[in-house]
Amino acid sequence: MTTLTTPISEATIRALKVGDEVQINGTLYTGRDAVHKYLHEGGQLPPEVNLAGGLLYHCGPVMMKQDDGTWKCTAAGPTTSIREEPYQAQIIGDFGLRGVIGKGGMGDQTLAGCQAHGCVYLHAIGGAAQVLAECVTRVKGVYLLEQFGSPEAIWELEVVNFPAVVTMDAHGNSLHREVFAHSQAELAKRL
Amino acid sequence: MASLLDSLIELIRRTSAELPEDVNAALVRSLEAEKKGTIAESALKLIERNIELAKRKSQPICQDTGSVIFYVECPLGLDQLAFEETAREAVQQATKKGYLRQNSVDSITGKNDGTNTGPGAPAVHFHQHRSPETNIRLILKGGGCENVGAQYSLPAEKLHANRDLDGCRKVILDAVLQAQGKGCGPGILGVCIGGDRATGYEFSKQQFLRKLDDRNPEPKLDALEQDILKTANELGIGPMGFGGKTTLLGVKICAANRVPASYFVSVSYMCWAYRRQGVTLGADSQITGWLY
């Protein structure tokens, strides 16, 4: 088990390989469909959001506003990442991301972006919203909430021991590509 | 309809936070079957912990609390308009309590007003029966698994699928292959052979009201269900698409008549976070029993 603490260096990321289990400490920023399209079209990040050396989490959490005005994260599993495939490689390069967290894996463009810029794809367990919300120790901020609504906003989350698996590394390897090819061949034998 | 409102909110809470017993049992079996020390095993252990935690905290198993779909079996004479109004109110209140995410977006403006209600949300399907009881079943279907549903029109030349049950088998297994990783596995398939494009999907989703351990009364469909379950679990896709032994927990197939020109096979996919529950209501709309 490798521990990753944000901000993360390029050397740390390039040392990871497919199949490695990691736990993450530090800051995650959520960003999903609306945020990716917005950034792709030239939208500006709020000045408080610094993605350099950081991790972007494909997640639309359940957030409850507390009486004192702070937010509590009550469910926070990953959403399916492949929808961001048209945008992800560009955003990795433009903002200096070291990792993208989501589920289901991504395609060849993102894999090439990971290799070029020193980034990995970290697979969180889909549906495990409670285990992952327990890793969120504090909601540090929220951005673009009014514009995009709660699930699509950028949430800044402090996390401790957030579990994930490297399924696409910075060396051009993808577990998703491997499993697809294997299962396709196995299916062909059974038709 | 105050007690109906309370009953519906309780139905939503329990559906969002607790998996039905048959699904739990199937997940426990898949964890026992998985190879020790693999990431597939790690994933299933985390899923088990998640299920326990959600139940204990009465919070959503998955943050995507999905499309809210009610199936209502009701006696003749039930005021359906009043019921729908109460169902909308229940969804709004359940959202405020955090049982549901603010999950409903205006498709034209892109705005999410946070109420979780709007055109088509929630969906309520009524079926009358000649019994004094009202049974309400609820499915919360997340977007990740909804997105990997597929509808095939046979013959499907590229898949060498003709208009027969073997052709159906080929396209259903193709849907399993294509869904890997994206819909959170191990998953469950609901399939309708026949129907039109709308009823095909509709009936395929109604298959999710069946329990995982039931058997299809139609022998040919039962054989197809068992065959697809066994074959899919030999492909090595595994939990989350990480590779592993359990790709599917169940396959449920129905058939509907079709017009001669059409032959649709509609496949709906349900993730492991298979949120399905139901209640029977007494005369005063109090919950008198749970259906799963």
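In what follows, chains carry the letters A, B, and so on, assigned in the order in which the sequence lines appear, proteins first and then strands, with residues in each chain numbered from 1.
Between the side chains of Ser67(B) and Glu146(B), no donor-acceptor pair is found at a separation under 3.5 Å.
Of the two parts of Ile82(A), only the side chain, counted from C-beta on, holds a non-hydrogen atom closer than 4.5 Å to a non-hydrogen atom of chain B. Both the backbone and the side chain of Ser183(A) come within less than 4.5 Å of a heavy atom in chain B. For Glu21(A), the part sitting under 4.5 Å from any heavy atom of chain B is the side chain, from C-beta outward, and nothing else. In this structure, the portion of Lys57(B) lying under 4.5 Å from any heavy atom of chain A is its side chain and not its backbone. Residue Thr167(A) touches chain B through its side chain alone, counting heavy-atom pairs closer than 4.5 Å. Both the backbone and the side chain of Val179(A) come within less than 4.5 Å of a heavy atom in chain B. In this structure, the portion of Ala76(A) lying under 4.5 Å from any heavy atom of chain B is its backbone and not its side chain. For chain B, the nearby part of Gln147(A) is the backbone; its heavy atoms alone come within less than 4.5 Å. Interface residue Leu175(A): only side-chain heavy atoms are found under 4.5 Å from chain B. For chain A, the nearby part of Asn147(B) is the side chain; its heavy atoms alone come within less than 4.5 Å.
With chain A as partner, the option from Ile61(B), Thr231(B), Thr38(B) having the largest number of non-hydrogen pairs under 4.5 angstrom is Ile61(B). Ranked by heavy-atom pairs under 4.5 Å with chain A, the list Gln102(B), Arg169(B), Lys111(B), Met240(B) is led by Met240(B). The residue among Glu152(A), Lys103(A), Met63(A), Lys189(A) with the most heavy atom pairs within less than 4.5 Å of chain B is Lys103(A). Chain A forms more heavy-atom pairs under 4.5 Å with one residue of Gly183(B), Gly236(B), Gly142(B), Ser42(B) than with any other, namely Ser42(B). Between chain B and the residues Ala128(A), Ala75(A), Gly104(A), Ala133(A), the largest count of heavy-atom pairs under 4.5 Å involves Ala128(A). Between chain B and the options His176(A), His182(A), His123(A), Glu178(A), the largest number of non-hydrogen pairs under 4.5 Å is found for His123(A). Between chain B and the residues Pro61(A), Gly19(A), Gly105(A), the largest count of heavy-atom pairs under 4.5 Å involves Pro61(A). Of all the listed residues (Ile125(A), Thr80(A), Thr79(A)), the one sharing the greatest number of non-hydrogen pairs under 4.5 Å with chain B is Ile125(A).
Looking at Glu52(B) and Arg49(B), no side-chain N of the basic residue comes within less than 4.0 Å of a carboxylate O on the acidic one, giving no salt bridge. A salt bridge links Arg276(B) to Asp22(B): at least one charged side-chain nitrogen sits closer than 4.0 Å to a carboxylate oxygen. A salt bridge does not link Asp33(A) with Lys37(A): none of the charged nitrogens is closer than 4.0 Å to a carboxylate oxygen. One finds no salt bridge joining Glu32(B) and Arg29(B) here, because no Lys/Arg side-chain nitrogen approaches an Asp/Glu carboxylate oxygen to under 4.0 Å. At a threshold of 4.0 Å, the pair Arg14(B)-Glu10(B) does not count as salt-bridged, since none of the basic side-chain nitrogens sits closer than that to a carboxylate oxygen.
The aromatic rings of Phe162(A) and Tyr57(A) lie perpendicular to each other, with more than 60° between the two planes, well past the 30° mark. Taking the six-membered ring for Trp and thresholds of 30 and 60 degrees, Tyr87(A) and His40(A) have ring planes inclined between 30 and 60 degrees apart.
What you find for Arg32(A) and His36(A) is that their closest heavy atoms are O-ND1, 2.8 Å.
Applying the side chain to side chain donor-acceptor pair (under 3.5 Å) test between Thr27(A) and each of Glu156(A), Lys140(A), Glu158(A), Arg138(A) identifies Lys140(A) as the sole match.
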* Worked verdict on Tyr121(A) versus Thr110(A) for side chain to side chain donor-acceptor pair (under 3.5 Å) -> CA-CA 9 Å; Tyr121(A) 180 82; Thr110(A) 301; over 6 Å; no
